[in-house]
Amino acid sequence: MTDTVRPDSLVTLHYRFLLEDGTAVVSTFEATPATLQLGTGEVLPALERCLVGLSVGEHRVFTLPPEEAFGPHRPELVERVARADFPPEVTEAMTLMEFAAPDGSRYTGLVRELTDEYGVVDFNHPLAGKTVRLEVHIIGIS
């Protein structure tokens with residue numbers, strides 16, 4: 001155990017991402033805390049920077065602009081896709097669906113609009129282009 005979070009720490013914590021208007025997007029405060037391994041690339045770099053130096057029991061709130069959080073919203077990642085290329089179970093807008101790239105990798109997109117002829121799919125992270133607040137409560141550090 002260690003007293004403060006280091007760049008390679010295993011951290012158990014509660015966290016919450018909130019929009020600027022206070023709407024919680026993701027939260028572990030009402031559920032089981034998360035355990036994150038820092039320094040492996042599995043955690044958003046800005047989140048790692050916020051956590052380093054915090055101590056067990058510390059509760060903090062950080063404001064992250066889009067560039068530090070989930071990046072800017074990139075219009076080139078919004079595509080019009082032929083309706084025939086959608087699986088039959090996708091019947092309404094605001095549905096997440098997975099697409100296969102030619103190299104076999106998988107991408108998730110949010111169907112923003114759906115007509116009989118086409119769908120508009122946004123491959124940006126849902127929080128791209130948004131300033132978010134990050135609330136954390138450190139429970140344990142190893």
Side-chain angles (χ1 to χ4, degrees), residues 1-115 118-142:
M1 286 296 238
T2 180
D3 292 339
T4 60
V5 177
R6 296 184 319 252
D8 63 346
S9 292
L10 183 65
V11 182
T12 301
L13 74 161
H14 277 297
Y15 68 90
R16 179 177 5 245
F17 281 105
L18 302 113
L19 300 177
E20 287 184 288
D21 67 3
T23 302
V25 179
V26 175
S27 177
T28 66
F29 279 90
E30 299 77 22
T32 303
T35 299
L36 307 173
Q37 177 64 58
L38 304 188
T40 63
E42 76 177 52
V43 178
L44 186 68
L47 174 57
E48 286 194 12
R49 286 190 300 274
C50 292
L51 296 177
V52 170
L54 298 182
S55 302
V56 171
E58 202 162 344
H59 190 137
R60 298 275 305 272
V61 177
F62 303 91
T63 300
L64 303 172
E67 300 74 27
E68 292 180 27
F70 297 93
H73 185 272
R74 296 174 39 203
E76 68 271 19
L77 294 180
V78 179
E79 297 183 21
R80 192 176 191 157
V81 178
R83 183 67 172 100
D85 293 334
F86 283 75
E89 63 270 12
V90 177
T91 60
E92 58 188 34
M94 304 313 287
T95 301
L96 286 174
M97 64 180 287
E98 196 171 88
F99 291 85
D103 67 0
S105 57
R106 310 288 295 173
Y107 295 94
T108 301
L110 176 64
V111 179
R112 296 225 174 250
E113 181 182 342
L114 192 61
T115 72
Y118 66 89
V120 175
V121 182
D122 188 345
F123 291 99
N124 284 284
H125 187 283
L127 295 177
K130 300 186 184 316
T131 296
V132 295
R133 287 190 327 215
L134 168 64
E135 179 181 2
V136 298
H137 178 224
I138 306 298
I139 297 170
I141 306 166
S142 345

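These values consider heavy atoms only, across backbone and side chains, with no hydrogens, waters or symmetry-generated copies. Remember, predicted model here, so these are calculated numbers, not experimental data.
Nearest approach of Y107 to S105, heavy atoms of both residues: CE1-OG, 3.3 Å. Among all heavy-atom pairs drawn from L114 and G119, the shortest one is CD1-CA, 4.0 Å. Closest of all the heavy-atom pairs between P72 and A128 is O-CB, 3.8 Å.
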Would you give me the side-chain donor-acceptor pairs under 3.5 Å for residues 85-93, sequence neighbours excluded?
none

If you look only at distance, which donor and acceptor atoms sit under 3.5 Å apart when one is on a side chain in residues 36-51 and the other is two or more places apart or in another chain?
from : atom 1 : to  : atom 2 : distance (Å)
Q37  : NE2    : D8  : O      : 2.8
Q37  : NE2    : S9  : O      : 3.4
T40  : OG1    : Q37 : O      : 3.3
E42  : OE2    : Q37 : N      : 3.4
E48  : OE1    : G39 : N      : 3.4
E48  : OE2    : G39 : N      : 3.0

Donor-acceptor pairs under 3.5 angstrom involving side-chain atoms of residues 131-141: please list them, not counting sequence neighbours.
from : atom 1 : to  : atom 2 : distance (Å)
E135 : OE1    : R16 : NE     : 2.9
E135 : OE1    : R16 : NH2    : 3.3
E135 : OE2    : H59 : NE2    : 2.6

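Summarising the geometry, atom OG1 belonging to T115 is positioned 8.0 Å from atom CZ belonging to R83; distances are rounded to the nearest 0.5 Å. Put simply, CG on D3 and OG on S55 are 7.0 Å apart, with the number rounded to the nearest 0.5 Å. Interatomic distance, CG of N124 versus CD of E76, reported as 7.5 Å (0.5 Å rounding). Rounding to the nearest 0.5 Å gives a distance of 5.0 Å between CG of L54 and CZ of F62. Taken to the nearest 0.5 Å, the OG1 atom of T32 stands 8.0 Å off from the NE2 atom of H14. Interatomic distance, D21 CG to K130 NZ, rounded to the nearest 0.5 Å: 9.5 Å.
Two residues are said to be in side-chain contact when any heavy atoms from C-beta on lie closer than 4.5 Å; R112 and V78 fail this criterion. For the pair R74 and F123, the minimum side-chain heavy-atom distance is 4.5 Å or more. With contacts defined as side-chain heavy-atom distances shorter than 4.5 Å, the pair L127/L19 qualifies.
With sequence neighbours excluded, no residue forms a salt bridge (Lys or Arg N to Asp or Glu O under 4.0 Å) with R80. Judged as a side chain to side chain contact (heavy atoms under 4.5 Å, CB included), and not counting sequence neighbours, the contacts of P7 are V52. Residues passing the ring-ring contact (aromatic ring centres under 6.0 Å, His included) test with H73: none are found, sequence neighbours excluded.
Ring geometry, F70 versus H125: the interplanar angle falls under 30°, so the pair is classed parallel (tilted spans 30 to 60°).
Between the side chain of T28 and the main chain of Y15, a donor-acceptor pair closer than 3.5 Å is present.
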